[in-house]
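Structure, as structure tokens:
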Amino acid sequence: MAKIQFKEMLKAWGDILGVNKLSLDIPDKEFLVLVGPSGCGKSTALRCLAGLEEISGGEIWIGDRMVNDVPPKDRDIAMVFQSYALYPHMTVYDNMAFGLKLRKVPKDEIDRRVQEAAKVLQITPLLDRKPKAMSGGQRQRVAMGRAIVRNPAVFLFDEPLSNLDAKLRVETRAQISKLHQRLGTTFVYVTHDQVEAMTMADRIAVMKSGVLQQCDSPSNLYNNPTNIFVAGFIGSPSMNFFSGSITGDVNEMYVDSGAMRLRLPKRHAEQIGAKNIGKKVVFGIRPEDINHPQYKSSGINEQQVDATVDVTELMGNEIIVYLQAGDQSFVARVDPRADMRPGDKIKMVFNVDRVHIFDQETEKSLAKIQI
């Protein structure tokens with residue numbers, strides 16, 4: 001079993017908090033992605049799990065063993081770094097075999113494991129090459145191969161794709177996902193790229209300033225973010241936010257920003273309740289939930305908002321449109337056939353079933369969306 005537990009884990013350097021009382025359970029065989037902006041504590045948490053950083057408080061468990069004072073080599077983990085960390089004077093074969101040689105693994109067993117890992121990663125033709133004679137993507141696969149041959153209980157990945165170009169990132173993403181399915185091992189993966197997180201993870205843990213904000217499935221994280229930070233971080237382009245207040249009553253409730261007034265669905269109104277009428281809120285809506293009236297989805301609970309087109313960006317399969325309503329700017333993703341030009345006055349369709357409501361003071365969500 002390779003279940004991982006962080007129990008109130010704290011990492012500080014004097015007065016500077018890197019990770020603040022992180023509590024997180026990662027079941028055996030799960031692919032968990034730690035995500036967040038630079039400096040949020042995700043890599044620090046991973047390095048603490050690996051034993052490369054000494055924790056300042058709390059506990060870390062791997063399986064049924066607390067590993068606070070266990071050296072990295074005895075934690076039964078393997079780590080893949082952003083920089084690959086390959087020995088430049090060694091061949092691919094020797095790089096992959098090096099850790100096993102240090103552990104005095106028999107030579108025939110080393111050869112079996114290296115050949116098997118090379119086959120899985122499709123790098124068998126590269127075994128006699130040195131790192132300088134390979135591309136970034138090939139080097140990353142060698143780094144993964146070096147981790148695989150150890151048969152660890154846990155794989156740790158620290159932003160392994162950030163040095164690759166866009167096409168290679170997509171290919172390597174798929175390769176890592178397949179690797180997880182094939183090995184059936186616990187993966188903990190750190191990235192600042194929310195696209196990587198959404199496409200690879202069983203669950204995503206979002207961090208900000210050393211504090212865990214939300215840990216959930218990609219679908220739940222996207223559809224029901226627990227606060228404004230998570231809502232804005234997940235999704236590209238990011239969610240549109242407007243300041244406003246709750247008006248009306250429980251039978252006819254509105255969110256009003258001045259430039260726009262949207263009637264909330266009954267389900268939203270019931271969750272928000274009469275006690276919050278008059279409350280200052282931030283309401284958000286994702287760009288894909290704002291449509292050109294000609295190409296709106298059928299069956300949505302719609303309301304129209306008067307807007308002016310500022311900028312359009314044709315992306316091939318969609319148009320990203322930057323619009324203005326009164327003094328408020330927002331972004332929409334619309335059908336590529338939509339005829340929209342800068343300066344056009346248009347009524348944009350808002351899918352009010354997909355409006356997110358947050359308390360302006362606490363920044364926490366006030367209503368869940370029906371998935």
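Considering all non-hydrogen atoms of both residues, Val230 and Thr226 come closest at CG2-CG2, 4.4 Å. Residues Gly316 and Pro336 share a closest heavy-atom pair of O-CB, 3.6 Å. Smallest separation of non-hydrogen atoms from Arg286 and Pro225: NH2-CG, 4.5 Å. When all heavy atoms of Met96 and Ala117 are compared, the pair lying nearest together is CE-CB, 3.8 Å. Residues Ala45 and Leu34 share a closest heavy-atom pair of CB-CD1, 4.4 Å. Nearest heavy atom pair, residue Val35 against residue Phe233, reads CG2-CE2, 3.5 Å.
Remark: Gln181 CD to Phe187 CZ distance equals 10.0 Å, nearest 0.5 Å. Note: Met79 CE to Leu49 CG = 8.5 Å, rounded to the nearest 0.5 Å. To the nearest 0.5 Å, the span separating OG1 on Thr186 from CD1 on Ile4 amounts to 5.5 Å. Atom CZ of Arg182 and atom OG1 of Thr185 lie 12.0 Å apart (nearest 0.5 Å). Taking OH of Tyr322 as the reference point, atom CG of Asp310 lies at 11.0 Å (rounded to 0.5 Å). Between atom CD1 of residue Ile62 and atom CG of residue Asp74 there is a gap of 11.0 Å, rounded to the nearest 0.5 Å.
For the pair Gln138 (side chain) and Ser135 (backbone), a donor-acceptor distance under 3.5 Å is present. Looking only at distances, a side-chain donor or acceptor of Thr191 sits under 3.5 Å from a matching main-chain atom of Asp193.
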Q.
Go through it in stages, so that I can follow the logic: the residues are Asn20 and Leu22, the test is side-chain contact (heavy atoms from CB on, under 4.5 Å), and I'd like the CA-CA distance, side-chain angles, deciding distance and then a yes or no.
A. CA-CA 6 Å; Asn20 190 2; Leu22 174 63; over 6 Å; no
Q.
Show, in sequence, the C-alpha distance, side-chain angles and deciding distance for His292 and Asp335, and conclude whether the side-chain contact (heavy atoms from CB on, under 4.5 Å) test is met.
A. CA-CA 8 Å; His292 186 285; Asp335 190 285; over 6 Å; no
**Q.** side-chain hydrogen bond (donor to acceptor under 3.5 Å, both in side chains) evaluation trace for Asn351 with Glu302
**A.** CA-CA 5 Å; Asn351 180 358; Glu302 66 175 64; over 6 Å; no
Q: Decide yes or no on salt bridge (charged side-chain N to carboxylate O under 4.0 Å, His left out) for Arg113 and Glu116, but give the supporting numbers first.
A: CA-CA 5 Å; Arg113 291 197 200 178; Glu116 195 174 89; over 6 Å; no
Q: For the pair Val282 and Glu363, evaluate side-chain contact (heavy atoms from CB on, under 4.5 Å) and give the outcome as yes or no after the intermediate values.
A: CA-CA 8 Å; Val282 172; Glu363 298 192 349; over 6 Å; no
Q) Are Asp111 and Tyr93 close enough, and set up right, to give a side-chain hydrogen bond (donor to acceptor under 3.5 Å, both in side chains), and what steps lead you there? A) CA-CA 9 Å; Asp111 187 66; Tyr93 185 101; 2.8 Å; yes
Q. Going through the checks in order, is the salt bridge (charged side-chain N to carboxylate O under 4.0 Å, His left out) test met by Lys345 and Asp306?
A. CA-CA 7 Å; Lys345 306 287 186 187; Asp306 290 318; over 6 Å; no
Q.
Between Lys280 and Asp359, is the side-chain contact (heavy atoms from CB on, under 4.5 Å) condition met? List the steps.
A. CA-CA 7 Å; Lys280 296 288 184 185; Asp359 187 307; over 6 Å; no
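A chain of hydrophobic side-chain contacts below 4.5 Å, direct or via other Ile, Leu, Val, Met, Phe, Trp or Tyr residues, connects Met207 to Leu32. The same ILVMFWY cluster, assembled from side-chain heavy atoms under 4.5 Å apart, contains both Ile176 and Met134. Residues Phe241 and Val305 fall into different hydrophobic clusters, defined by Ile, Leu, Val, Met, Phe, Trp and Tyr side chains chained together at heavy-atom separations under 4.5 Å. Placement of Leu52 and Leu46 within a single hydrophobic cluster is found when ILVMFWY residues are connected by side-chain heavy-atom separations under 4.5 Å, directly or transitively. Criterion: ILVMFWY side-chain heavy atoms under 4.5 Å apart, direct or through other members. Under it, Ile234 and Ile320 are not part of a common hydrophobic cluster.
With contacts defined as side-chain heavy-atom distances shorter than 4.5 Å, the pair His356/Ile285 does not qualify. Side-chain contact between Val120 and Leu179 is present, with at least one heavy-atom pair separated by less than 4.5 Å. The shortest distance between side-chain heavy atoms of Lys42 and His192 falls below 4.5 Å. Side-chain atoms of Leu24 and Cys215, non-hydrogen and from C-beta on, do get closer than 4.5 Å to each other. Counting only heavy atoms from C-beta outward, the side chains of Arg341 and Val309 never approach each other to under 4.5 Å. For the pair Val206 and Phe229, the minimum side-chain heavy-atom distance is below 4.5 Å. Within the 4.5 Å cutoff, no side-chain heavy atoms of Val352 are placed close to those of Arg263. Side-chain contact between Val250 and Glu270 is absent, with no heavy atoms from C-beta onward closer than 4.5 Å.
Glu196 and Arg173 are not joined by a salt bridge, as no carboxylate oxygen comes within less than 4.0 angstrom of a charged side-chain nitrogen. With respect to Asp28 and Lys3, no salt bridge is recorded, no charged nitrogen being found less than 4.0 Å from a carboxylate O. Ion pairing between a basic and an acidic side chain is recognised when a charged N comes within 4.0 Å of a carboxylate O; Asp76 and Arg150 show no such pairing. Of the charged side-chain nitrogens involved, none lies within less than 4.0 Å of a carboxylate oxygen, so that Asp216 and Arg203 do not count as a salt-bridged pair. Ion pairing between Lys11 and Glu53 holds under the 4.0 Å rule for side-chain N and carboxylate O. Under a 4.0 Å N-O distance rule, the pair Asp165/Lys167 does not qualify as a salt bridge.
Surrounding NZ of Lys73 are at most 12 heavy atoms belonging to other residues, nucleotides or ligands under 6.0 Å away. Around CD of Gln122, the count of heavy atoms belonging to other residues, nucleotides or ligands within 6.0 Å does not exceed 12. Heavy-atom contacts from other residues, nucleotides or ligands closer than 6.0 Å to CG of Asp128 number 12 or fewer. At most 12 heavy atoms of other shown residues, nucleotides or ligands fall within 6.0 angstrom of atom CD1 in Ile16. For Lys7, the NZ atom sits in a packed shell: over 12 heavy atoms of surrounding residues, nucleotides or ligands are nearer than 6.0 Å.
Checked by atom type, the side-chain pair Gln328/Ser257 shows a donor-acceptor distance below 3.5 Å. Asn68 and Glu59 share no side-chain donor-acceptor pair at under 3.5 Å. Of the N and O atoms on the side chains of Asn223 and Arg354, at least one donor lies less than 3.5 Å from an acceptor on the other residue. One side chain, Ser23 or Glu8, offers a donor N or O that lies under 3.5 Å from an acceptor on the other. For Ser43 and Asp158, the side-chain atoms include at least one donor-acceptor pair closer than 3.5 Å. Gln324 and Ser329 share a side-chain donor-acceptor pair at under 3.5 Å.
A tilted orientation is assigned to the rings of Phe242 and Phe350, their planes being inclined by 30° to 60°.
Checking each of Lys130, Arg146, Lys101 against Asp94 for a salt bridge (Lys or Arg N to Asp or Glu O under 4.0 Å) leaves exactly one that passes, namely Lys101.
Taking the six-membered ring for Trp and the full ring otherwise, the centers of Phe283 and Phe358 sit at least 6.0 Å from each other.
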